[in-house]
Q: 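Following this message is one structure expressed as structure tokens.
Predicted model only: the values in this text are computed from it and were never measured.
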Amino acid sequence: MPAAQHDALTPRLIGSPVWDDRMVHEAGIPVFDTPLVSVGGGFGSFTLVDVLRICGVPTSSIRVVSNSDTPWQTWEYLTRVSQLPPQERIRSDAGARPDNIWGFPSYALHEALQDRSPRLLWHVLVEPLLTDFFSPRAATVFATVKREADRIAYWDMLVKGQVRMVRRRAGGGYFTLFTPPAGTGPGRRVACRSRYVHLAVGYPGLKFLEDLQCFREEYDDYHRVVNAYEPHEHVYEFLKTRPGTVVVRGAGIVASRVLQRLMDDRERYGLQTQIVHLFRTFVAGPHGAGPWMRRDGGDGWAYQAFTFPKSAFGGQLKERFRQARGEERTALYKTVGGTTTPKLRRWQEQLRQGRAGGWYRPLQATVHKVEPTPDGRLASFTSSADGVSGRHVSDFVIDCTGLEADMPEHRVLADLLEHGGARRNGAGRLTVGESFEVTGTENGDGVLYASGAATAGNHFPAVDSFLGMQTAALDIAADLARRGFCARLTSARSVGQWLRWAAGRPPV
């Protein structure tokens, strides 16, 4: 019987943490071989592939399995729906370039040359005292990553498909099982047999506040209660047609972007939008444990230019994380992590105007439930720290609390925890070693690596950032070089490869 009629997961495969070649063959699942597979296809996969190509690995030795057409596809979607369209500036340092592991020229110099604007160079020289920190436009990131993807022949390594699971292979290495798009593969399921696997699957999914999730499920209303990471342009379009009230919940970068969009529209179109901003934790001023761990804050917000302090990327804080263990590392992660947003001058002025005009009302409150009102609006029932109850009526509620769903909500991660030997760390994410190898998943001479959001809470704090992904990629590549998979990134190789990068020539 043809393999396409058999290529299904058998009970034996599902229940076995280790697969041998015969089991897969008997299930009728087609198998192809490649030395290394990266699962995800976003920036995490791209940065590792980029470093490995710079280290001399040919495209024939790497496959990226993803349901995304480009490395920036998911990130572009998330930035767009969370009110960061291509021409807006993202929260990232000028030297954090996914397309350029050397960070030179920086995005500031790149945009200054592109726009013929010396002002951008001055901006970087006087930041953050006289100006806000420079950050690149989202469109600049898309364009430069595409250029690098073309240069390293990323498209030759991309295999379209939805990854289902990664299982250890008898004798060493792994099987990565995925479902290719209908009509494009030899069967409904295909297995890639490899010595190395890299997971860069991003966040498991959206995390809704419990009361908002209950409301959506009970009333089947996905129109008035929305998450900032899902399409919600209808909210802003509605407010252009009549005066309305929006409840915003959250205190991070996404909340600040949603507020800025509401305030920009109010100013641009002369709207009468009212904004109620509910803070779960209200930051009244600078805060932190001791003089060296204090963070600026005020008016409800905790301010920080980037997701983590700069020393977390390559200074004293990075070393403290590396040396800390167990509960000490977990406590340190909670201290320096948390929800923050940049303190941008224009946005601060908008908030001041809103508070003075009474149309922006920041409140500290705990929301107990959300219910529909008889006139088709929403009522948020709250209580404050002093026990005072409140009822806030609005046309929409926007949840800006972020992408923090639990790992079992992601199919590949859940299977890895159940069958692959992976373990959780103190932050609830994958435990990894100093080379970002997933602890407990070793198999003979095979290694399973991970990077990105799924590895938060380990020895390196800033994993969910451009620089963090590149740090992980460099550490993984160094470990692979020790295992003989690729060349070491020596000073001579680095200089030579940068020259090739600058000239737009493929790596060798």
Side-chain angles (χ1 to χ4, degrees), residues 74-75 77-85 91 202-239 244-265 273-283 300-302 307 337-341 347 351 354 360-373 376-384 390-406 409-410 428 453 464:
T74 299
W75 189 76
Y77 166 79
L78 291 173
T79 53
R80 175 170 48 82
V81 297
S82 60
Q83 305 313 304
L84 271 171
R91 187 185 189 184
Y203 283 95
L206 296 179
K207 180 182 179 182
F208 258 93
L209 294 167
E210 185 176 352
D211 60 287
L212 297 183
Q213 185 63 36
C214 289
F215 175 88
R216 283 166 62 123
E217 291 175 356
E218 181 176 355
Y219 298 101
D220 194 30
D221 188 340
Y222 297 80
H223 183 79
R224 292 179 296 174
V225 173
V226 297
N227 189 289
Y229 281 111
E230 61 186 5
H232 63 280
E233 190 68 21
H234 64 275
V235 174
Y236 309 104
E237 293 303 317
F238 173 89
L239 295 170
T245 300
V246 179
V247 167
V248 175
R249 295 172 63 178
I253 179 64
V254 175
S256 68
R257 287 301 313 169
V258 167
L259 287 173
Q260 186 170 341
R261 170 67 189 276
L262 291 168
M263 294 174 177
D264 284 346
D265 281 2
T273 303
Q274 300 288 311
I275 304 169
V276 178
H277 187 186
L278 300 181
F279 289 89
R280 186 166 42 192
T281 301
F282 194 91
V283 180
W301 303 88
T307 309
T339 302
T340 61
T341 193
W347 174 65
L351 294 180
Y360 168 67
R361 291 184 292 149
L363 303 168
Q364 181 179 20
T366 299
V367 181
H368 300 289
K369 62 179 178 178
V370 177
E371 293 183 347
T373 63
R377 303 177 80 198
L378 303 171
S380 297
F381 294 89
T382 67
S383 63
S384 60
R391 181 177 179 269
H392 306 281
V393 178
S394 63
D395 297 283
F396 298 95
V397 175
I398 304 179
D399 178 5
C400 304
T401 53
L403 294 164
E404 293 289 345
D406 198 17
E409 296 184 35
H410 192 285
D464 187 30

Q: For the backbone of L209 and the side chain of D399, can you confirm whether one donor and one acceptor N or O come within less than 3.5 Å of each other?
A: yes
Q: Which heavy atom of G252 sits nearest a heavy atom of W301, and at what distance?
A: O-CZ3, 3.7 Å
Q: How long is the straight-line distance from CZ of R391 back to OG1 of T382, given to the nearest 0.5 Å?
A: 11.0 Å
Q: Measure the CZ-CG distance between F215 and D220 for me, rounded to the nearest 0.5 Å.
A: 10.0 Å
Q: Where do L378 and D395 come nearest, in terms of heavy atoms and distance?
A: CD1-O, 4.0 Å
Q: Take R361 and T245 through the side chain to side chain donor-acceptor pair (under 3.5 Å) test and state the conclusion after the steps.
A: CA-CA 11 Å; R361 291 184 292 149; T245 300; over 6 Å; no
Q: Show the nearest heavy-atom pair for residues G250 and T401, with the distance to one decimal.
A: CA-CG2, 4.2 Å
Q: For the CG atom of L363 and the OG atom of S380, what is their distance to the nearest 0.5 Å?
A: 11.0 Å
Q: Is there a donor-acceptor pair under 3.5 Å between the side chain of H232 and the backbone N or O of E230?
A: yes
Q: Indicate the atoms forming the closest heavy-atom contact of A255 with A251, along with that distance.
A: CB-N, 3.9 Å
Q: To the closest 0.5 Å, what do you measure between CG (N227) and CD1 (I398)?
A: 10.0 Å
Q: Using the six-membered ring wherever Trp is involved, compare the ring planes of H277 and F279 and label them parallel, tilted or perpendicular (cut-offs 30° and 60°).
A: tilted
Q: Given salt bridge (Lys or Arg N to Asp or Glu O under 4.0 Å), test R261 with E233 step by step and report yes or no.
A: CA-CA 11 Å; R261 170 67 189 276; E233 190 68 21; 2.6 Å; yes
Q: Apply the side-chain hydrogen bond (donor to acceptor under 3.5 Å, both in side chains) test between D211 and each candidate in H368, K369, R249; give the one that qualifies.
A: R249
Q: Assess the residue pair W75 and L84 against the criterion (side-chain contact (heavy atoms from CB on, under 4.5 Å)); give the C-alpha distance rounded to whole Å, side-chain angles, the decisive distance to 0.1 Å, and a yes or no.
A: CA-CA 11 Å; W75 189 76; L84 271 171; over 6 Å; no
Q: Minimum heavy-atom separation for V370 and Y219, please, with both atom names.
A: O-CE1, 4.5 Å
Q: OG1/T273 to CG/L262 distance, rounded to the nearest 0.5 angstrom?
A: 6.5 Å
Q: Flag yes if more than 12 heavy atoms outside E237 fall under 6.0 Å of its CD atom; otherwise flag no.
A: yes
Q: Do any N or O atoms from the side chain of R257 and from the backbone of Q83 form a donor-acceptor pair under 3.5 angstrom?
A: yes
Q: Side-chain contact test, heavy atoms from C-beta onward, threshold under 4.5 Å: evaluate it for L239 versus V246 and give yes or no.
A: yes
Q: Could you measure the distance from the OG1 atom of T366 to the CZ atom of F381? Nearest 0.5 Å is fine.
A: 15.5 Å
Q: Does any non-hydrogen side-chain atom of H410 lie less than 4.5 Å from one of Y203?
A: no
Q: Look only at the side chain of R224 and the backbone of R377, and say whether a donor-acceptor pair between them is shorter than 3.5 Å.
A: yes
